[in-house]
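First up is the structure itself, then whatever we jot down about it.
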Amino acid sequence: MIGFSSQTVSFDRFCRHVEAYLCRIGQLEPGQFPMTRRQVLRGGESCGLYFCVHGPRSVKLTAVYDHRKKTTIYYGTDGVRRSQESISVKLPSPQPHSA
């Protein structure tokens with residue numbers, strides 16, 4: 001678990017934390033491998049975020065943040081749940097789609 005208090009954390013700080021935590025699980029150096037993130041949709045509405053650190057030799061470490069439960073679940077390279085933490089994140093406003 002991390003040392004965040006019960007306060008709401010900024011989105012950028014949260015993303016950096018997720019990357020560092022995933023790298024720690026996979027014994028990787030933070031900032032050395034790309035991390036992607038995608039919205040998780042349910043019924044056309046955003047309900048969470050999916051994070052993936054793409055390491056060497058096709059290694060992938062993932063995490064899922066649930067907006068409603070304010071919980072992040074971390075998964076190892078084998079897809080097994082490694083840990084879970086509760087954290088409130090101030091999410092950025094949705095960007096309007098340009099045509």
Side-chain angles (χ1 to χ4, degrees):
M1 297 299 180
I2 62 170
F4 284 124
S5 66
S6 60
Q7 299 176 20
T8 302
V9 176
S10 76
F11 184 69
D12 290 336
R13 182 174 177 203
F14 174 66
C15 290
R16 288 191 307 271
H17 166 72
V18 169
E19 178 184 18
Y21 201 90
L22 288 172
C23 286
R24 191 167 41 250
I25 290 171
Q27 300 177 346
L28 301 174
E29 187 67 32
Q32 298 300 307
F33 301 96
M35 181 174 80
T36 56
R37 76 176 174 250
R38 305 268 189 256
Q39 283 190 28
V40 177
L41 302 175
R42 180 181 293 148
E45 296 292 320
S46 179
C47 64
L49 293 169
Y50 170 84
F51 296 88
C52 182
V53 170
H54 304 269
R57 299 172 303 280
S58 300
V59 167
K60 292 183 181 178
L61 297 137
T62 59
V64 176
Y65 177 71
D66 184 325
H67 295 310
R68 189 173 35 89
K69 294 181 181 177
K70 297 184 180 346
T71 302
T72 307
I73 302 171
Y74 297 93
Y75 298 92
T77 56
D78 54 3
V80 174
R81 183 186 293 205
R82 298 290 181 209
S83 72
Q84 176 176 323
E85 65 184 351
S86 295
I87 185 168
S88 181
V89 179
K90 182 178 181 184
L91 298 172
S93 300
Q95 300 293 330
H97 295 330
S98 56

key: Name of the residue among Asp66, Ile73, Thr72 meeting side chain to side chain contact (heavy atoms under 4.5 Å, CB included) with Lys69   = Asp66

message = Show, in sequence, the C-alpha distance, side-chain angles and deciding distance for Tyr50 and Tyr65, and conclude whether the ring pair (Phe, Tyr, Trp, His ring centres under 6.0 Å) test is met.
response = CA-CA 7 Å; Tyr50 170 84; Tyr65 177 71; over 10 Å; no

query = Can you say whether the rings of Tyr74 and Tyr21 are parallel (under 30°), tilted (30 to 60°) or perpendicular (over 60°)?
reply = tilted

request  = State plainly whether one hydrophobic cluster holds both Phe33 and Leu22, where clusters connect Ile, Leu, Val, Met, Phe, Trp and Tyr through side-chain heavy atoms under 4.5 angstrom apart.
outcome  = yes

query = When you look at Leu61 and Thr77, which way does the side chain to side chain contact (heavy atoms under 4.5 Å, CB included) test go after all the steps?
reply = CA-CA 5 Å; Leu61 297 137; Thr77 56; 3.7 Å; yes

task = To the nearest 0.5 Å, tell me how far Arg13 CZ sits from Arg16 CZ.
result = 8.0 Å

ask   = Among side-chain atoms of Gln39 and His67, is any donor-acceptor pair under 3.5 angstrom?
value = no

request  = State whether a side-chain donor-acceptor pair under 3.5 Å links Gln84 with Arg81.
outcome  = yes

Cluster check Ile25, Val18: I/L/V/M/F/W/Y, side chain < 4.5 angstrom = yes

task = Show your working on side chain to side chain contact (heavy atoms under 4.5 Å, CB included) between Leu28 and Val53 and close with a plain yes or no.
result = CA-CA 10 Å; Leu28 301 174; Val53 170; 4.2 Å; yes

remark   = Heavy-atom nearest pair, Cys23 first then Pro30, reads SG-CA, 3.7 Å

request  = May I ask you to test the Val89-Phe11 pair for a side-chain heavy-atom distance under 4.5 Å?
outcome  = yes

message = Restricting to non-hydrogen atoms, name the atom on Thr71 and the atom on Ser86 that form the minimum distance, rounded to 0.1 Å.
response = OG1-OG, 4.0 Å

query = Do Arg82 and Tyr75 have side chains that get closer than 4.5 Å, going by heavy atoms?
reply = no

message = Holding to salt bridge (Lys or Arg N to Asp or Glu O under 4.0 Å), I want the full list of residues that pass it with Asp12, two or more places apart in sequence or in another chain.
response = none

query = Nearest 0.5 Å, what's the CZ-NE2 distance between Arg24 and His17?
reply = 7.0 Å

Verdict with supporting geometry, Glu85 and Lys70, side chain to side chain contact (heavy atoms under 4.5 Å, CB included) = CA-CA 9 Å; Glu85 65 184 351; Lys70 297 184 180 346; over 6 Å; no

Pairwise distance SG(Cys47) to CD(Glu45) - rounded to 0.5 angstrom = 9.5 Å

key: Minimum side-chain heavy-atom gap Ile87-Val9 below 4.5 Å   = yes

Full working for side chain to side chain contact (heavy atoms under 4.5 Å, CB included) between Met35 and His54 = CA-CA 6 Å; Met35 181 174 80; His54 304 269; 6.0 Å; no

ask   = Under a 4.5 Å cut-off applied to non-hydrogen side-chain atoms, are Phe51 and Arg37 in contact?
value = yes

